[in-house]
Amino acid sequence: MKKVIVEEIYEAPVEAVWKALTDKEEMKKWYFDLSEFKAEVGFEFQFEGQGVKGTPYTHLCKVTEVIPHKRLQYSWAYENLEGSSVVTFDLVAEGKKTKVILTHTGIESFPQDNPDFDIKNFEGGWTTLLTEFLHDYLAGKQN
């Protein structure tokens, strides 16, 4: 099974990291601009994204598990394409810091003849989102 795992430690309390992952106003500052988001099992949301050459994709997601300040999980699929995957954010409080472990599984279920779904693109995307965008966002909130 192909999976992406990205771990990052933030100089921010778990409450701030949880809010960044679950509040749509916070999410649009580092993640995607969602029209609506609720950290509630069964909540469905979608957003637009692009492949490596600019191909637009509508991402279809559904929240599957919520443990406040500890875990957020949702399914991740694409409109009009085969496949479904799962994205999990696990949060571990470490004093005034928070470790986030992102795991994305099921990537092999997407069309393997499409280079946009190469695991390297998922690794690169999640690494950028967590080690740069979320890191910088949370660092800015602490100043």
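Predicted model only: the values in this text are computed from it and were never measured.
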Gap separating the [atom1] atom of [X] from the [atom2] atom of [Y], nearest 0.5 angstrom:
X	Y	atom1	atom2	value
M27	T22	CE	OG1	7.5 Å
N121	D116	CG	CG	6.5 Å
L102	L91	CG	CG	10.5 Å
Q112	I119	CD	CD1	9.0 Å
E25	L34	CD	CG	10.0 Å
T131	D136	OG1	CG	8.5 Å

Describe, in one word, how the ring planes of [X] and [Y] are oriented to each other, choosing from parallel (under 30°), tilted (30 to 60°) and perpendicular (over 60°).
X	Y	value
F117	F110	tilted
F122	H104	perpendicular
F45	F43	parallel
W126	Y31	parallel

Would you say [X] and [Y] make side-chain contact, with heavy atoms under 4.5 Å?
X	Y	value
E8	L134	no
H59	Q46	no
Y10	H135	yes
N114	T55	no
F89	W18	no

TODO: Give a yes or no on this: more than 12 heavy atoms of other residues, nucleotides or ligands lie within 6.0 Å of atom CD of E36.
DONE: yes
Open item on the list: Looking at K24, I want to see if its NZ is surrounded by more than 12 non-hydrogen atoms of other residues, nucleotides or ligands under 6.0 Å.
Closed with: yes
Quick check on the hydrophobic clustering: are [X] and [Y] connected, directly or via other members, by side-chain heavy-atom contacts under 4.5 Å?
X	Y	value
I5	L130	no
F32	F133	yes
V6	W30	yes
L81	Y74	yes

Side chains of residues 64-71: which donor-acceptor partners sit under 3.5 Å, not counting sequence neighbours?
unit_1 : atom_1 : unit_2 : atom_2 : d
T64    : OG1    : Q73    : O      : 3.3
T64    : OG1    : Q73    : OE1    : 3.1
E65    : OE1    : R71    : NH1    : 3.2
R71    : NE     : D90    : OD1    : 2.7
R71    : NH2    : D90    : OD1    : 3.2
R71    : NH2    : D90    : OD2    : 3.1

Is it true that a side-chain atom of [X] and a backbone atom of [Y] form a donor plus acceptor pair closer than 3.5 Å?
X	Y	result
S85	I107	no
S75	K62	yes
S109	S84	yes

Task: Heavy-atom closest pair, residues A77 and G83 - done: CB-O, 3.6 Å
Task: Test ring pair (Phe, Tyr, Trp, His ring centres under 6.0 Å) applied to F47 and Y57, W76, F37, the passing residue - done: W76
